[in-house]
Asks: 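Take a look at the following structure, please.
By convention in this document, chain letters (A, B, ...) are assigned in the order of the sequence lines, proteins followed by strands, and residues within each chain are numbered from 1.
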Protein chains: 2
Amino acid sequence: MKEKEFLAELEELALLNQTLALLDWDSQTGMPETAATERGAASGYLSGLAFEKQTGPKIKAALDYFSAHNDELSEIGKTVYQVTKKDYEELHAIPKELMVERSRLYSQAHTAWLKARQTQSFSDFQAALAENIRITKELIPYYKKDEATDYDVLLNMFEPGMTTEVLDQVFGELKAGLVKIRQTINEKGQKPDTSFKNRTMTKEQQQFFVKNLVAKLGFDFKRGRLDDTVHPFATRITRDDVRITTRWNEEDFTMGIFGVIHEAGHGIYEQSIDAKYNMTPVYDAPSMGIHESQSLFYEIILGSKRSFWEKQYPHFQKAAAGTFDDIDFERFYRSLKATAASLIRIEADSLTYPLHIIIRYELEKALFNEDLAVEDLPQAWNDKYEEYLGIRPENDLVGVLQDVHWSGGMFGYFPSYALGYMYAAQLLAAMERKLDVDNLLATEDYAPIKAWLTEHIHKFGRSKTPSELITAATGEALNPQYLLQYLTDLYYDVYQIDK
Amino acid sequence: MKEKEFLAELEELALLNQTLALLDWDSQTGMPETAATERGAASGYLSGLAFEKQTGPKIKAALDYFSAHNDELSEIGKTVYQVTKKDYEELHAIPKELMVERSRLYSQAHTAWLKARQTQSFSDFQAALAENIRITKELIPYYKKDEATDYDVLLNMFEPGMTTEVLDQVFGELKAGLVKIRQTINEKGQKPDTSFKNRTMTKEQQQFFVKNLVAKLGFDFKRGRLDDTVHPFATRITRDDVRITTRWNEEDFTMGIFGVIHEAGHGIYEQSIDAKYNMTPVYDAPSMGIHESQSLFYEIILGSKRSFWEKQYPHFQKAAAGTFDDIDFERFYRSLKATAASLIRIEADSLTYPLHIIIRYELEKALFNEDLAVEDLPQAWNDKYEEYLGIRPENDLVGVLQDVHWSGGMFGYFPSYALGYMYAAQLLAAMERKLDVDNLLATEDYAPIKAWLTEHIHKFGRSKTPSELITAATGEALNPQYLLQYLTDLYYDVYQIDK
């Protein structure tokens, strides 16, 4: 066995994955709906080929051989070996009949979830959700290494190395801090004027503004594109073909504009991993949290900054062709950061968003580690919303049925969103020790910002773990105080509160 | 072996082909150019998988088994068996090393052709073209069954059953007839006014008009779409996902409008093959000529008719928002059908187009059957243009270097274009014996026209040969007189010549 053969097999796997990514992108952008069934068959068939290859005899032989002859591998080869081994062991862990059963249950649960949303009744989803939880619990022993609890195993699948012990600590701090900020705002804050936010801005006007903006931020349109979709996402077809998507609302420009900035953050990451890892499993993010740190860094961390909008608002006004000419910068900027408790996670503002995540984290942990009964979930959900946000869902549709994740068995995924947010704020603090970020934003000189992110995060791909990356980039482990400080400064400014 | 297993294997092949079609569509529409190399690798890899499957042990076992147990197959199964066997034998014919060499030579020749176009000099292409011809001649014995000449073997690959004997006859008649019409026009014709043809019509205006039009003609946009490209084409991703593409010229509306009608003709065909053949090799046209008969039927046969444009011109004028309001119907209609000798095939009008094809046919036949030397090709090309069209190319770029086909080893393909044209006119004549086509066009009642084509051509897929289809649909074998009569009537009308 030569390294070259090993890499050639992984390259074929990459070609299959490239194709799968295109099939999926197309099905969410241009494909006629009538073609869904046959598209599903094609994706299913190619996924099967990819799985067979990833767990097949050639990969197994290579892993066996290089386990004994690691010194025959180049530096890159060693990294590729480690990552391939990790994937192989995870994929190989589960007996095939359980995998088939899992797929069947997820598919049923998704159908039940859609039905329950129609009837606005959790009871139509409850049995299927219970089955998803049951099969997940049955599968946990196959994945378990040295994790302390069952839920730790699930966390690990999305954020390698993350534990409930760490999350209990950081989410505890985060929750306390957010509650305090919200309290202060309620007591002393001056509510921004948002009366003009729903003025019409055409799709073409929004597109013109935000495409220029994200190109300046560093998304390379020569190696990527932007399309319309229903559920926005970013996907790498190849390193030189990274596609982002968005939806537009002509009566709410924030949806399309911040949406595109968010996806461009993902896209810039995918375009910037070191080319030496191309066509190997190392060419990817090491976790969902790290990926999300990059989209949120652009969308919320930079995208909430006064210095950023001071430069961009004139461009925005021009793109809107007069619609906002009577709104001065101060009114505009403050309107962007108004905050209020709300029921729907994906519509939440940047202050309350982490509370939505913490609620889900606590409920998932209770389901897997503390025997919360599935039938008690809606009540627990509603109680937490009342406790943390002061509002109570009127029905399950705006409560426990709002997210798709659990219907697809994605337990342990939600914390990634808040982790990414905390990582992003911590990265900004580290970056500001080296760069005058506000000055760069004020002059649209975004290149050093992207270069810093590439140097400290992007380029490594999966060659480092999330905690290795964060510690090396910022000099310390995950620390929620950076996000709290960022949000305190931001919202005190916007709500005109003296410190 | 059960029929079910045989069909399941063919279904996997169909899923691979569906994926390959999407990869190709995307590379010609939205893909960033930088991604070309990796896209090529993905297409190459999947093509290899498709080839392995199509010539693999499962298909071979099925063909062997059902050769001896044909009675175990259903009616559909028998048809599928025949077509699969034909494909298997063709694909299997050539030794692998010759296939590899062929690919290498085609690739080199394409590069040489591009270079020669830059230098406008055939000498930069000559050696590579000679190699393409040499390898094709070497391959002919592997494909040869009972064909009379080498060139017959090549014809057969695109138009099964077609022979030089038939083509010499029909192209001879066609050429004589066209020369006569052109002579009459030159002597007695009134040249149409085309002074307004290059007025600006925006892409959006053209798109609005022609999308409505082809939807009415029968292209189902719920099961397809229209996109922009450089080299227009139609492709079936699946039966319910048929995609057509076009390019637009705002200073020449005929390019986009007739281009879309042409591709929609291909698309309607692909959407209308009997669903019972779906996911099998029978779901396709039996020849390039038959496929082209459908695009040309819509683009030129219907699209040249006075009754068609009488109804459509007001829609066109409205879409153009006043640009053509000063042009009366008569002037507009006649301008569409102006004819003049020209050097470039793809820009030729509907009267001179077949002469461009006949020239290529005669030259290909001379290259393969009559030892025309490659070095003598430019001279022979130019002489024929002078003889048949009365104009002589000033350089090779507007002469022998204009078509991509030979650089890719596609010898025997050109006749398909003229065959399609003759088939289309013959189909119209048969249709008119059953339907009052002019009245249907005058009332935009296109459904019976599409239904007739589906009933006599589309639905059969590859279950019948081209000549079986044409004979059954029209009551006789290929007969060029229908096209000549059509063109005589058309051009005498447009050029105001009394019969």
Asks: More than 12 heavy atoms of other residues, nucleotides or ligands under 6.0 Å from CZ of B:Phe208: yes or no?
Replies: no
Asks: At a heavy-atom distance under 4.5 Å, which candidate from B:Ala36, B:Gly30, B:Gly44, B:Ser43 has the highest pair count against chain A?
Replies: B:Gly30
Asks: Mark yes when over 12 heavy atoms from residues, nucleotides or ligands other than B:Lys2 sit less than 6.0 Å from its NZ; otherwise mark no.
Replies: no
Asks: Using a 3.5 Å distance criterion without hydrogens, assess whether the side chain of B:Gln18 forms a donor-acceptor pair with backbone atoms of A:Glu38.
Replies: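 Looks like yes, one N/O pair under 3.5 Å.
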Asks: Report the distance from atom CG of A:Leu46 to atom CG of B:Leu15, rounding to the nearest 0.5 Å.
Replies: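 Rounded to the nearest 0.5 Å, the CG-CG separation comes to 7.5 Å.
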Asks: Go through the atoms of A:Glu12 and report whether side chain, backbone, both or neither lie under 4.5 Å from a heavy atom of chain B.
Replies: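 Contact with chain B is through both the backbone and side chain of A:Glu12.
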Asks: As an exercise, state the distance from CG of B:Asp26 to CG of A:Asp241, rounded to the nearest 0.5 Å.
Replies: 6.5 Å
Asks: Does A:Thr34 form a side-chain contact (heavy atoms from CB on, under 4.5 Å) with B:Asp220? I'd like the steps, not just the answer.
Replies: CA-CA 11 Å; A:Thr34 45; B:Asp220 183 353; over 6 Å; no
Asks: Please name the pair of heavy atoms, one in B:Gly224 and one in A:Pro32, separated by the smallest distance, quoted to 0.1 Å.
Replies: N-CG, 3.7 Å
Asks: Take atom CZ of B:Arg247 as the centre, draw a 6.0 Å sphere, and report whether it contains more than 12 heavy atoms from other residues, nucleotides or ligands.
Replies: no
Asks: Pick from A:Arg243, A:Glu33, A:Glu11: which one has the most heavy-atom pairs with chain B under 4.5 Å?
Replies: A:Arg243
Asks: Between A:Thr37 and B:Asp240, is there a side-chain heavy-atom distance shorter than 4.5 Å?
Replies: no
Asks: Just checking heavy atoms, which of residues 270-283 of chain B are less than 4.5 Å from chain A?
Replies: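 Residues of residues 270-283 of chain B touching chain A at under 4.5 Å: B:Asn278, B:Met279.
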Asks: Under the side-chain contact (heavy atoms from CB on, under 4.5 Å) criterion, do B:Met31 and A:Leu22 qualify, and how do the steps go?
Replies: CA-CA 10 Å; B:Met31 185 187 74; A:Leu22 183 72; over 6 Å; no
